[in-house]
Enquirer: 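Got a structure here, written out as structure tokens. Questions coming.
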Amino acid sequence: MFPIDLLDAAPEGSPHPSSSPLLAHLNPEQLAAVTLPAGHALILAGAGSGKTRVLTTRIAWLLQTGQATPGSILAVTFTNKAAKEMLARLSAMLPYNVRGMWIGTFHGLCNRLLRAHHQAARLPQAFQILDTQDQLSAIKRLCKQFNVDDERFPPKQLMYFIAGCKEEGMRPGDVVASDPDTRKKVEIYQLYEEQCQREGVVDFGELMLRSFELLRDDEHLRHHYQRRFQHILVDEFQDTNKLQYQWLKQLAGNEVGGRYVSGSSVIAVGDDDQSIYAFRGARVGNMADFIREFDVRQQIKLEQNYRSYSNILDCANALISHNSNRLGKNLRTAQGPGEPVRIYEAPSDLAEASWMVDEIKQLVKNDGYARQEIAVLYRSNAQSRAIESALFNAAIPYRVYGGLRFFERAEIKHALAYLRLLENPHDDTSFLRVVNFPPRGIGARTIEVLQDTARSSGTSLSDAVTAVGGAAGTKLQGFVAKIDVLREQTQGKTLREIIETVEEESGLLEHYRNEKEGADRIENLQELVTAAESFVTQEGFGRDAIALPLDEQQNARPGQDLTQSPASQGLDPDAPLLDEPLRPPAGTAAAMVNADTGETLSPLAAFLTHAALEAGDNQAQAGQDAVQLMTVHASKGLEFDAVFIGGMEEGLFPHENAMMDRGGLEEERRLAYVAITRARKRLYLSHSQTRMLHGQTRYNVKSRFFDELPEEALKWITPRQGGFGTFAPHSGAYGAYGSRASGQLGSNSGWAGKPDVFASPPVPPRKAEPSHGLKAGMNVFHNKFGEGKVLALEGTGDDARAQVSFGRHGTKWLALSIAKLTIVE
DNA sequence: TGAGATCTATCAACT
DNA sequence: ATAGATCTCA
């Protein structure tokens with residue numbers, strides 16, 4: 001039925017069966033989306049509507065029908081997880097290698113572009129990528145050097161400022177600075193840029209911005225990629241920021257009077273209800289702009305949900321209907337109501353965790369759920385600790401995504417810093433990280449002198465050591481010599497050997513062997529070797545780093561001249577060119593070759609890139625049948641048979657910090673919507689009366705989101721136990737909890753014949769109603785802290801406490817028998 | 001001057 | 001709870 005075998009990239013590829021099963025089982029909307037004629041289109045895809053399936057099937061269909069070659073396809077996602085998922089599905093669908101396609105995250109593809117054209121982008125080929133930690137420490141270093149008042153300009157705030165500018169596509173010169181503070185920030189931004197350029201490092205924002213400018217300013221190169229990528233597919237389009245949208249426009253090509261009427265076909269897939277990244281510059285408005293600027297004629301809504309039972313979906317629909325400014329979409333399912341959504345109230349976070357564990361045991365044992373089909377979601381990473389320890393104690397395998405990830409651990413960053421110095425001695429951030437770690441007698445004073453020397457001579461720290469005299473200078477030179485020796489020693493070695501050598505010779509292993517808490521760290525350092533090993537052997541090796549050689553005769557021949565294209569405008573042509581990067585020795589195994597330029601990148605450089613772009617999971621044992629733990633953000637795009645959402649409490653979910661932002665509550669609600677729609681069969685929501693946070697106990701009121709769910713889809717499984725209900729009527733600025741909940745609680749004792757789940761630890765009895773007359777949401781006045789707002793209340797009589805937010809003085813818990821609070825009207 | 005001890009601020013999400 | 005910053009002693 002389809003012409004096939006047009007894929008020269010897979011000469012041995014076995015012909016696909018002509019009666020393609022590809023399009024079978026698609027519903028009419030999905031089919032329409034998959035088989036859209038070339039052109040721009042927007043697909044509004046609700047949660048669980050088969051979005052990834054549509055995307056991957058379209059790619060497969062384009063290839064199978066000969067409308068596209070692998071090299072003409074660019075598919076971009078936000079997370080590594082989504083990119084991997086897409087690749088995995090495509091490999092399963094297609095009989096040939098999928099590597100010729102550019103499929104990856106925005107940052108991954110930008111990295112690929114910049115590596116391929118590093119000269120045009122004025123970067124060393126082995127440029128290093130700063131993660132958030134590195135970026136912050138680079139900014140701190142800069143501030144110290146230029147005596148920036150870190151009271152007035154906290155480094156973190158500067159980092160947000162810089163990242164924000166880049167997300168908007170603004171260089172320092174583009175920022176309109178009307179007040180002195182902004183002018184100062186712009187000045188620091190400028191200095192920061194110079195520092196990064198000098199050191200040959202780029203941050204996440206720079207990856208995007210630099211590759212955008214590369215395309216914008218280098219006509220030759222832009223045309224090459226515009227011709228090449230005839231089919232551009234964008235996943236999670238609602239999460240694109242301004243710069244990413246502009247980046248896409250550069251690739252789409254053929255702008256005529258502000259309209260992108262022809263050129264490549266851009267298919268944007270998104271869901272405004274799942275926009276959860278406004279905090280980092282995502283612009284839902286890009287969807288409307290896309291429709292206008294690309295003159296989109298084809299809009300398809302995917303509203304049929306194949307994932308969840310209707311009780312779950314009803315909850316999601318009801319919740320999200322409380323948001324305004326929606327494009328309008330309602331999920332429907334052909335499945336029955338399924339089981340009710342269970343809601344549990346725990347007395348403490350530990351009790352919440354142990355309830356989850358009990359419930360998970362039941363699910364696995366009695367109901368035959370696979371552990372990997374059970375997920376525990378939470379709003380913030382700090383919540384995972386309690387759940388982890390409960391799972392650990394119950395000997396249930398689990399896997400945590402996010403949190404302190406593998407490549408972010410201190411010992412790993414130390415090892416990576418040594419490795420980075422091998423690749424690029426001018427990486428001052430890495431230099432400073434390990435110049436005195438393990439301690440080798442180089443103190444703050446010496447480093448200060450070195451930094452002064454480097455600054456006045458305009459060189460990197462590494463180059464400046466020779467200019468420092470005395471004993472301090474000798475020590476410094478000793479350190480640099482050590483790095484140089486390491487670089488010598490590791491020449492021609494495999495990645496594994498390089499890392500092993502560095503870990504041993506740097507003294508890191510020795511240092512941790514002598515440290516009493518060092519065993520875990522040593523284990524992690526060994527794990528780094530393993531990670532490198534699997535990076536080398538793993539399928540898709542270097543995908544993010546650089547393309548493997550591939551047959552691209554279907555594409556416009558890139559040609560060597562691309563690398564000789566004139567230096568991009570917009571960058572200072574007089575900026576000193578950095579040294580040519582180290583080339584891997586000839587014959588080194590697995591040196592990677594850039595398909596577009598023929599240049600090679602050493603396995604070590606590729607691995608370092610991998611480490612920066614994919615922070616890695618923090619649990620080593622992957623692929624096991626393990627319960628999945630992650631933040632709600634990390635869960636987007638995934639689905640599970642059973643989902644637990646813990647910590648549904650005011651201040652946590654919705655998060656108190658989010659409430660400060662404009663539109664913050666709505667984003668929190670979308671976040672809850674995302675969380676709910678992850679569940680296929682069972683959904684559990686829970687909240688806890690108390691929670692350890694920052695080392696102290698906090699008392700939380702249940703989330704307002706509970707009040708926005710349809711009662712008939714819920715089942716409250718908390719035993720009464722005489723506890724919270726007594727003060728519940730006073731806990732709510734949000735209304736109906738008390739009356740409704742007490743009725744629910746009473747009518748729901750004993751479901752599903754599992755009385756043991758009710759065995760929650762006893763709650764301290766409370767006798768009387770609180771008499772202070774305070775309610776959450778009231779404004780109060782405190783003699784010392786001034787005016788504040790009551791966030792939550794707890795306890796009665798002498799034990800009564802109120803959580804009050806005092807703005808400048810922060811949020812405090814106050815014992816009402818002691819603190820004098822007056823109600824402000 | 002450097003190393004260890006103590007104090008303090010932080011703690012939302014992702015690349 | 002934890003890391004980072006500051007302080008004190010050798």
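Letters go in sequence order (proteins before strands), and every chain restarts at 1.
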Enquirer: Are D271(A) and K51(A) close enough for a salt bridge, meaning some N to O gap below 4.0 Å?
Expert: no
Enquirer: Reckon N436(A) has a side-chain N or O less than 4.0 Å from the OP1 or OP2 of dA3(B)?
Expert: yes
Enquirer: Just call it for A658(A): base, sugar-phosphate, or nothing, with non-hydrogen atoms closer than 4.0 Å on any strand.
Expert: base
Enquirer: Check every strand shown and say whether I442(A) touches a base, only sugar-phosphate, or nothing at a heavy-atom separation below 4.0 Å.
Expert: sugar-phosphate
Enquirer: Output the rounded distance in Å from CZ (R678(A)) to C1' (dA13(B)).
Expert: 15 Å
Enquirer: Go through the N and O atoms of the side chain of T446(A) and the base of dT1(B), and report whether any donor-acceptor pair is under 3.5 Å.
Expert: no
Enquirer: At under 4.0 Å between heavy atoms, what does E668(A) touch on the DNA or RNA strands: base, sugar-phosphate, or nothing?
Expert: base
Enquirer: Let me know the distance between CG of N381(A) and P of dT15(B), rounded to the nearest Å.
Expert: 11 Å
Enquirer: R445(A) has a side chain; which of dC14(B), dG2(B), dA12(B) sits nearest to it?
Expert: dG2(B)
Enquirer: Indicate whether OP1 or OP2 belonging to dT15(B) is found under 4.0 Å from a side-chain N or O atom of T132(A).
Expert: no
Enquirer: Are R670(A) and E667(A) close enough for a salt bridge, meaning some N to O gap below 4.0 Å?
Expert: yes
Enquirer: When all nucleic acid strands are considered with a 4.0 Å heavy-atom cut-off, which category describes R385(A): base, sugar-phosphate, or nothing?
Expert: sugar-phosphate
Enquirer: Which of these nucleotides, dT15(B), dA13(B), dT1(B), is closest to any side-chain atom of T79(A)?
Expert: dT15(B)
Enquirer: Rounded to the nearest Å, what distance is computed from the CZ atom of residue F437(A) to the C1' atom of nucleotide dG4(B)?
Expert: 14 Å
Enquirer: Can you tell me how far P of dG4(C) sits from CG of D134(A), to the nearest Å?
Expert: 12 Å
Enquirer: Side chain of A634(A) only, please: which of dA3(B), dC14(B), dA12(B) is the nearest?
Expert: dC14(B)
Enquirer: Taking only Lys NZ, Arg NE, NH1 and NH2, and the carboxylate oxygens of Asp or Glu, determine whether R379(A) and E668(A) approach each other closer than 4.0 Å.
Expert: yes
Enquirer: Between the side chains of E411(A) and R433(A), is the shortest nitrogen-to-carboxylate-oxygen separation below 4.0 Å, so that they form an ion pair?
Expert: no
Enquirer: Taking the six-membered ring of Y189(A) (Phe, Tyr or Trp), confirm whether the NZ or CZ of R171(A) is under 6.0 Å from its centre and within 45° of its axis.
Expert: no
Enquirer: Heavy atoms under 4.0 Å, any strand shown: does Y277(A) hit a base, just sugar-phosphate, or nothing?
Expert: sugar-phosphate
Enquirer: Could you check which of dA13(B), dA12(B), dT15(B) has an atom nearest any side-chain atom of H655(A)?
Expert: dA12(B)
Enquirer: Figure out the NE2/P separation between H107(A) and dC14(B), and round it to whole Å.
Expert: 14 Å
Enquirer: Rounded to whole Å, how long is the line connecting atom CD of Q133(A) with atom C1' of dC14(B)?
Expert: 14 Å
Enquirer: Taking the side chain of K140(A) as heavy atoms from C-beta outward, which of dA12(B), dG2(B), dG4(C) is closest to it?
Expert: dG4(C)
Enquirer: Is the ring centre of F279(A) under 5.5 Å from the base ring centre of dA13(B), and are the two planes under 30° apart, so that they stack?
Expert: yes
